[in-house]
Undergrad: 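Sharing a structure here in structure tokens format.
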Amino acid sequence: MGIYDTLNTEQKKAVLQTDGPVLILAGAGSGKTRVLTHRVAFLIDECGVNPWNIMAITFTNKAAGEMRERVDKIVGFGAESIWVATFHSTCVRILRRYADRLGYKNNFTIYDTDDSKSLMKDICKKYQLETVRLKMKRIMSTISSCKDNLVTPDEYYLANGGDSEKLKISKAYTEYQNALKNNNAMDFDDLIFNTVMLFKKNQDVLESYQERFKYIMVDEYQDTNNAQFELIRLLADKYKNLCVVGDDDQSIYRFRGANIRNILDFEKVYKDAEVIKLEQNYRSTQNILDAANSVIKNNFGRKDKALWTDEGKGDKVRLCEFDQAPDEASFIADDIGKLHRNGKIKYKDVAVLYRTNAQSRLIEEKFVLNGIPYDLVGGTNFYSRREIKDLLCYLKTIDNAVDDLAVRRIINVPRRGIGQTTINNVQEYADERQISFYDALCEVDNIVSVTRATTKLKDFVVMIRAFRAKEKEMSLSDLLKDIIVTTNYIDYIKAETEDDESGDNDRVQNIDELVSKLAAYEESTDDPSLSGFLEEVALVADIDNVSEDDDKVLLMTLHSAKGLEFEHVYLAGMEDGVFPSYMSIEAEDYDPEAIEEERRLAYVGITRAKKELTLTRAKRRMVRGEFQSNPLSRFVREIPGNLLERSATESAPSFLFDDGDSIDEFDDIDLSSGNMYRRSTTASSSYSTGYNGYDKPGREPMYQAKGSSIYGIGKPKETGDSSAASFGTGRPKAKLRPEPKRAVPDKPFIMGASSNHAAASKGKSLGLQKGMPAAAGTEPDYKVGDRVKHIKFGVGTVVGLEKETRDYKVSVEFDECGPKVMFAAFAKLKKV
DNA sequence: AAAGCAAGCTTTTTT
DNA sequence: AGCTTGCTTT
């Protein structure tokens, strides 16, 4: 009797299998959270396990929160001492205690991606590492993947000694880590990496945690990377009571190091692992599941399984096609509006999912137009907005001024007349003495290179000290309000950004929201502290803030949607090149793994829907400033036609497609008239708008392919992947590559202009020298032909001197830096 | 020092 | 297209 009777056989098996390694392959909607929570309850209530000894790890705070809530409900008592947290916050909690063992202070700060980037920028500048060929992005991603794979800077250096480019990356990696340590900061990857290092080097620490976490559960195991795998392996090494839950078909984070082999090879690593498959789905209708299955079965190298349900077939999956992307967006807004007016849906039961954040804009516009309330998840994280980061950096500086990055960010924000030169001088002084930037500020009197700005720097330090004093006597949210008032921050931000049409200023609203968030934090936390708040803030994802209470439609990427479910789901932008992304189907460095990951993403998207799924697609859309005409997504073509209902308008009959064939895109629907007709030619097709003549050649083979079976869905095992292959290789790659069209027809002159630019400015400065006689005035003490010295550009020859309204314009050919034109008053050239 | 302008890049996804 | 970045101009 009791709570366990509501579980099905497999679920029950998973709950009862408490000891030893367990792999639960949980298909989408198969009730894995229920299994996990019941398992926790079973461990505590039936096996007498101390809640203190149980750990559950998730990927998002939202998932952790939900799990905690549900465990609270079914566990009689002690639920609060179960450790439920994300990987990252787990590591932070451990490192807050032991970071000193790794040479950090325990109050280290956490850098987000932006912080890391600007730190790396400084480093590249300092050591002259970045080049045209070696992009920042590559350096950062290489370092990130090193950390994901537990490769230290030294190890990377030793492994890549020969290659000069890699040598540079190695240098960047080394210096980046040094800088982080000096700033007492860790980036996201460090949190995991350092925790593993801590365990490896400190047996006593590891053992204490092994003793504590006798039972470990990991959710979304398919998304773990190698470092996370190692972390879990170490923790579970003593008792081996490790239960991992995941679905290899939902592994969608390869780009950030997730290793699908962790789940696929679990049984190899843990030979005695119990494997349990949950295939019964409690979420969606059979039609939706069939659609999902028919897509995902085109992937190789997956654990064989198929979802099924007891519920009925349900409605067919709708496929709606539009000529232009705005039409698609209008349709979604109209459709939701209509359903809502008819009382068929609540807004909060609806989600619109898309591949890239950029796609949200059009949809948002139409939602606003139609008065449909919505919430947008993702895009720029709330905490990485400029105004929020500025204020957080004030808080960071007040809390702990060792983070140079934070201090430098705010020292002249809002403007207080402290320029780059001054900052550089202070930094130089700090570097020489190996002290922090802030400490250097405190002894500004000793910095000889700083003269004029001295008072301003002192004022800044006084202000920070005043805030610190206030921190002791007022609440944190009052402190933040005080910072905003004292610095005139609102005025500053208002001056920086113009209001939108309605006269509101989003940034000001964001600031208000930050104040409320800080107040909420103070209220909900026992012992609120500045560092506590900063830490919490550093690790939140956008999805964590989604509330179920608001009756709003949710707009988000497919990635963000993982783990969620909705009655009605719209998948927008179902086009090859959008979804799957052009990156994954590009012929150059074609990677079959990439397209499989996209397909898993499609699977995730489809399986979010409980009752109704609508796929939409635009034949033409603006992408990165260019119009693109993309074919219907291959993932839609992988769904058998008999599961689909092709309705673009209410009057469009769908019986024509009830033939079990896969649909293809050559049967077209005329939206304006509601008539349906077959297209017979290519040239007049509305896809081939002929605006650049570039997508036409690529289009041709697609039409020819109609007769062939590459879209065949009936026999997916043979045709499925060969269709993918046909796309990857068979199609002229120009189709999906925007570059050629950019270069050829419309703006050749831009290229010419840009490549001539340097020459043009050179010519200009030479021209000045020619015709212009030197005029009277506060004449410089040098003339054309003189050798002069500039503080930054070094030594050069004056090649031109021209009188302007109030100053002299001087052209110099510098030995090192080439030709420059500047004003004499600012250039401060010295004759040599 | 700060404002103004043009070039370039971006957008695949995120803790 | 829109944003950030770096360079020019004042």
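Letters go in sequence order (proteins before strands), and every chain restarts at 1. Being a predicted model, the structure only gives us computed values, none of them experimental. All values below come from the heavy atoms of this structure, side chains included, with hydrogens, waters and symmetry mates left out.
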Undergrad: Return no unless some side-chain N or O of A/Asn225 is found under 4.0 Å from OP1 or OP2 of B/dT15.
TA: no
Undergrad: Distance check: side-chain N/O of A/Tyr253 vs OP1/OP2 of B/dT13, anything under 4.0 Å?
TA: no
Undergrad: Please work out if A/Ala541 contacts a base, only the sugar-phosphate, or nothing of the nucleic acid, heavy-atom cut-off 4.0 Å.
TA: sugar-phosphate
Undergrad: Select base, sugar-phosphate, or nothing to describe what A/Phe188 touches, counting heavy atoms under 4.0 Å on all strands.
TA: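 Base, at least one base heavy atom under 4.0 Å.
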Undergrad: Looking at every non-hydrogen atom in both residues, tell me the closest pair between A/Gln222 and A/Gly246 and how far apart they are.
TA: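 Scanning both residues completely, I find the closest heavy atoms to be OE1-CA, 3.2 Å.
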Undergrad: Which part of the nucleic acid, if any, lies within reach of A/Asp223 when heavy atoms closer than 4.0 Å are counted: base, sugar-phosphate only, or nothing?
TA: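 Counting heavy atoms under 4.0 Å across all strands, no contact is made by A/Asp223.
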Undergrad: Side chain of A/Glu387, backbone of A/Asn510: donor and acceptor closer than 3.5 Å?
TA: no
Undergrad: Assess whether side chain to side chain contact (heavy atoms under 4.5 Å, CB included) is satisfied between A/Phe87 and A/Thr58, documenting all intermediate values.
TA: CA-CA 7 Å; A/Phe87 267 103; A/Thr58 61; over 6 Å; no
Undergrad: A/Thr557 side chain N/O closer than 4.0 Å to the phosphate oxygens (OP1, OP2) of B/dT12?
TA: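 For A/Thr557, the contact criterion (side-chain N or O under 4.0 Å from OP1 or OP2 of B/dT12) is not met.
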Undergrad: Given pairs defined as Watson-Crick or G-U wobble with both distances under 3.5 Å, what dot-bracket annotation applies to DNA chain B, with ( ) intrastrand, [ ] crossing, | other strand and . unpaired?
TA: ||||||||||.....
Undergrad: Under 4.0 Å, heavy atoms only, any strand: does A/Glu598 hit a base, just the sugar-phosphate, or nothing?
TA: base
Undergrad: Could you state the atom-to-atom distance from CZ of A/Arg361 to C1' of C/dC3 in whole Å?
TA: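 Computing the A/Arg361:CZ to C/dC3:C1' distance gives 10 Å.
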Undergrad: Answer with yes or no whether the side chains of A/Asn225 and A/Asn259 bring together a donor and an acceptor at under 3.5 Å.
TA: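 Side-chain D/A pair, A/Asn259 to A/Asn225: absent.
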Undergrad: When you measure only distances, ignoring hydrogens and angles, does the side chain of A/Arg624 come within 3.5 Å of the base of B/dT10 through a donor and an acceptor?
TA: no
Undergrad: Counting side-chain heavy atoms from C-beta on, which of B/dT11, B/dA2, B/dA1 comes nearest to A/Lys137?
TA: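 Of all the options, the side chain of A/Lys137 is nearest to B/dT11.
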Undergrad: A/Arg386 CZ to C/dT4 C1': how many Å, rounded?
TA: 11 Å
Undergrad: Which word best sums up how the rings of A/His559 and A/Tyr253 line up, parallel for under 30°, tilted for 30 to 60°, or perpendicular for over 60°?
TA: tilted
Undergrad: Within this structure, what is the CE-to-C1' distance between A/Met622 and C/dA1, rounded to whole angstrom?
TA: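 Atom CE in A/Met622 sits about 6 Å away from atom C1' in C/dA1.
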Undergrad: Relative to the 5' end of DNA chain B, which residue comes earlier, A/Ala358 or A/Asp189, by the nucleotide with the nearest heavy atom?
TA: A/Ala358
Undergrad: What is the distance, to the nearest angstrom, from the NE2 atom on A/His559 to the C1' atom on B/dT14?
TA: 8 Å
Undergrad: Atom CE of A/Met140 and atom P of B/dT14: how far apart are they, to the nearest Å?
TA: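 Rounding to the nearest Å, CE of A/Met140 and P of B/dT14 are 17 Å apart.
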Undergrad: Send over the distance from A/Asp115 CG to B/dT15 C1', rounded to a whole Å.
TA: 14 Å
Undergrad: Without decimals, in angstroms, what is the distance between A/Arg355 CZ and B/dT13 P?
TA: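 One finds 7 Å between P of B/dT13 and CZ of A/Arg355, rounded.
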Undergrad: Distance alone, cut at 3.5 Å: any donor-acceptor contact between the side chains of A/Glu575 and A/Ser633?
TA: no
Undergrad: For a 4.5 angstrom cut-off between non-hydrogen side-chain atoms, does A/Arg599 reach A/Phe635?
TA: yes
Undergrad: Taking 4.0 Å as the cut-off, does a side-chain nitrogen or oxygen of A/Ser89 come that near to OP1 or OP2 on B/dT15?
TA: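 No, A/Ser89 has no side-chain N/O under 4.0 Å of OP1/OP2 on B/dT15.
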Undergrad: Can you tell me the distance, in whole Å, between the CD atom of A/Glu365 and the P atom of C/dG2?
TA: 9 Å
Undergrad: Using heavy-atom distances to pick each residue's nearest nucleotide on DNA chain B, tell me which of A/Gly419 and A/Ser581 is more 5'.
TA: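 So the residue in question is A/Gly419.
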Undergrad: Taking only the side-chain nitrogens and oxygens of A/Arg415, find out if one of them lies under 4.0 Å from OP1 or OP2 of B/dA3.
TA: yes
Undergrad: Which one, B/dT14, B/dT12, B/dT15, comes nearest to the side chain of A/His88?
TA: B/dT15
Undergrad: Determine the sole option in A/Leu554, A/Leu555, A/Val377 for which the side-chain contact (heavy atoms from CB on, under 4.5 Å) test with A/Ser560 is passed.
TA: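 Among the candidates, only A/Val377 passes.
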Undergrad: Determine whether the aromatic ring of A/Phe255 stacks with the base of B/dT13, defined as ring centroids separated by less than 5.5 Å and ring planes inclined by less than 30°.
TA: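 Per 5.5 Å and 30° rule: yes, stacked.
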Undergrad: Would you classify A/Thr113 as touching base, sugar-phosphate or nothing, given that sugar-phosphate means primed atoms plus P, OP1 and OP2, and contacts are heavy atoms under 4.0 Å?
TA: base
Undergrad: Look at A/Asn357 and B/dT12 and indicate whether a side-chain polar atom (N or O) is within less than 4.0 Å of OP1 or OP2.
TA: no
Undergrad: Which of parallel (below 30°), tilted (30 to 60°) and perpendicular (above 60°) describes A/Phe533 and A/Tyr521?
TA: tilted
